[in-house]
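This report concerns only the one structure given below.
Predicted model, so just to flag it, every value in this text is computed and none were measured.
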Amino acid sequence: MSTDGRSFKKTTAAALICAVVVFFILSRLLPEKKAEEAQGDYFCLGTVVHLSVYGQGRDFLREELAGLEAEGKRLEELFSANIPDSDIRRASDGRGKWVKVSGETFSLTERAMELSEDTGGAFEPALGRITKLWKIGSDGARVPEEDEIRAALRCCGRRNIALKEEDGAYYIKVTGGALIDLGGIAKGRVADIMMKKLADDGVKSALIDLGGNLAVLGERPGGGKWRLGIQTPERPRGEYFGTVSVSDCSVVTSGAYERYLEKDGVCYHHIFDPATGRPADSDLASVTVIDRDSTRADALSTALFVMGREGAAGYLKEHKDIAAVFLLKGQKRVLVTEAARSVFTLYDKSFSAEDIRGAEE
Ligand code: ADP
Ligand code: MG
């Protein structure tokens, strides 16, 4: 071969190698095709639901949004205590008879029973007679008489709920005049089901906000963890005292400031103490639970609020894996569990944050 031929081959090989290296470097440096976004708002489960999904293809994202909306409505028609024909209403109206329900209603009621037991009854799925009596957050909210509360309380308690699975079908039996109310856990389960649907459909990044029940799928569209705010009670919506940085996770807050009735200068909120049948006299302003399992986060945020600071500290000693952030009532003091320390950041510096264990001593 001539010298010219050899040098031509060498030059071509060198040029090829250079092209590959440049392509490799550029592919690393140039941003990936920017994710598109689709957003939707609608009313479901007694709250405004806000959905944001990110990915490629506007039509695909719009279809996902429509699918989630339909799924939310379908689940509401199973779990709601306010829809006459829902599984939950039919079971409660069954007057001691076994009522056939969907597998989804069965499984959520079963989980609600487990979490009720686990929280020593602070979370109570058979509290419907009390919530219906007060109607806080809906038309006709009122402060009932003491004897009405006592009578309603006698009909509360998970002992009145029985579950059975027979020949692949699911049944619930409600006795003792009890009514099931899954208002403290249903939004969490809906968020879990929606997240699973999105992941199954190949969506990589999404945010679901079910009236303060937040859940995120994957990382932020641009990469990195999502930064979610925790609302400062009694301040305009969107004013946060702290933030939580997470991916593939749920962040659920329960507080006395969301739904309440004010009468004669007293504020009656919608989270009830199953021991008294009255709004929980909690020394907490809000409880935020950070958990991959939104169903658990929802029930626990409600239960820990009912327990109050001391009760919650006792519960957490036995449940060290729980990531939670507590805001003390009437104070700018935040207590953080060990599991939440790495994800929580104090945002409003007029507040102070400390370890819940330290605060207990
Ligand atoms: P929100 O629904 O505002 O996000 P929660 O998750 O704390 O707040 O749920 C409050 C709802 O849960 C009430 O509206 C009522 O339906 C129900 N509930 C109230 N107290 C309890 C309780 N101790 N255990 C279980 N459910 C409760
Ligand atoms: Mg809840």
Is Lys196 paired with Asp200 through a side-chain N to carboxylate O contact shorter than 4.0 Å?
yes
Pair Phe351 and Phe241, ring centroids less than 6.0 Å apart:
yes
So which heavy atom on Ile136 is nearest to which on Tyr260, and how close?
CG2-CA, 3.6 Å
How would you list all residue pairs meeting salt bridge (Lys or Arg N to Asp or Glu O under 4.0 Å) that involve residues 103-116, not counting sequence neighbours?
Arg74-Glu104, Arg111-Glu114, Arg111-Asp293
Is there a side-chain contact between Leu51 and Leu207, using heavy atoms and a 4.5 Å cut-off?
no
Provide the closest heavy-atom pair for Gly277 versus Leu153 in the form atom of the first, atom of the second, distance.
N-CD1, 3.8 Å
Nearest non-hydrogen partners of Ile130 and Cys156, listed with the distance:
CG1-SG, 3.7 Å
If you apply the rule side-chain contact (heavy atoms from CB on, under 4.5 Å), what do you find for Leu61 with Glu37, and how did you get there?
CA-CA 7 Å; Leu61 296 176; Glu37 176 185 39; 5.8 Å; no
Count the heavy atoms belonging to other residues, nucleotides or ligands that lie under 6.0 Å from CG of Asp147, then report whether that count exceeds 12.
yes
For Glu69 and Lys73: C-alpha separation, side-chain torsions, deciding distance, then whether salt bridge (Lys or Arg N to Asp or Glu O under 4.0 Å) applies.
CA-CA 6 Å; Glu69 182 172 348; Lys73 297 239 154 87; 3.3 Å; yes
Given the rule in the side chain to side chain donor-acceptor pair (under 3.5 Å) test, do Arg158 and Ser116 qualify, once you have shown the distances and angles that lead to the verdict?
CA-CA 8 Å; Arg158 65 175 184 275; Ser116 177; 2.9 Å; yes
Between Ala256 and Phe305, which heavy-atom pair has the shortest distance, and what is it?
CB-CZ, 3.6 Å
Count the heavy atoms of every other residue, nucleotide or ligand shown that sit under 6.0 Å from CD of Glu146, and state whether that count exceeds 12.
yes
Can you classify the ring geometry of Tyr54 versus Trp226 as parallel (below 30°), tilted (30 to 60°) or perpendicular (above 60°)?
tilted
Under the salt bridge (Lys or Arg N to Asp or Glu O under 4.0 Å) rule, what pairs show up with a residue in residues 81-101, not counting sequence neighbours?
Asp87-Arg90, Arg89-Asp93
Are Leu182 and Leu127 joined in one hydrophobic group, where the rule is that I, L, V, M, F, W and Y side chains link up if heavy atoms are under 4.5 Å apart?
no
Could you give all pairs that pass the side chain to side chain donor-acceptor pair (under 3.5 Å) test and reach residues 264-276, with sequence neighbours left out?
none
Honestly curious: do Tyr42 and Leu45 fall in one hydrophobic cluster under the side-chain, below-4.5 Å linking rule?
yes
Show me the side-chain donor-acceptor pairs of residues 187-194 shorter than 3.5 Å, one per line, residues at least two apart or across chains.
from, atom 1, to, atom 2, distance (Å)
Arg189, NE, Thr295, OG1, 3.1
Arg189, NH1, Ser107, OG, 2.9
Asp192, OD1, Ser294, N, 3.0
Asp192, OD2, Ser294, N, 3.2
Asp192, OD2, Thr295, N, 2.9
Asp192, OD2, Thr295, OG1, 2.5

Would you say the side chain of Ile208 lies within less than 4.5 Å of the side chain of Met195, judging by non-hydrogen atoms?
yes
Taking it one step at a time, do Glu148 and Arg142 satisfy salt bridge (Lys or Arg N to Asp or Glu O under 4.0 Å)?
CA-CA 12 Å; Glu148 291 178 282; Arg142 69 183 181 101; 2.6 Å; yes
Is there a side-chain contact between Ser102 and Tyr170 in this structure, where contact means two heavy atoms from C-beta onward sitting under 4.5 Å apart?
no
Linked, directly or transitively: Tyr240 and Val334 (ILVMFWY side chains, under 4.5 Å)
no
Identify whether Tyr315 and Val306 are in the same connected component of the hydrophobic contact network (ILVMFWY, side-chain heavy atoms under 4.5 Å).
yes
Take Asp291 and Arg296, measure what salt bridge (Lys or Arg N to Asp or Glu O under 4.0 Å) needs, and give me the verdict at the end.
CA-CA 7 Å; Asp291 201 313; Arg296 177 164 96 143; 2.7 Å; yes
For Ser247, all residues meeting side-chain contact (heavy atoms from CB on, under 4.5 Å), sequence neighbours excluded
Glu219, Lys225
Salt-bridge criterion met for Arg333 and Asp355 (N-O under 4.0 Å):
no
Smallest heavy-atom separation, Val53 atom then Ala206 atom, equals CG1-CB, 3.9 Å
Linked, directly or transitively: Ile356 and Leu284 (ILVMFWY side chains, under 4.5 Å):
yes
Can you name the nearest heavy-atom pair linking Ser92 to Ile180, along with the distance?
OG-N, 2.9 Å
I'd like to know whether CD of Glu318 has more than 12 heavy-atom contacts from other residues, nucleotides or ligands below 6.0 angstrom.
no
Tell me the side chain to side chain donor-acceptor pair (under 3.5 Å) pairs involving residues 124-134, sequence neighbours left out?
Thr131-Asp181
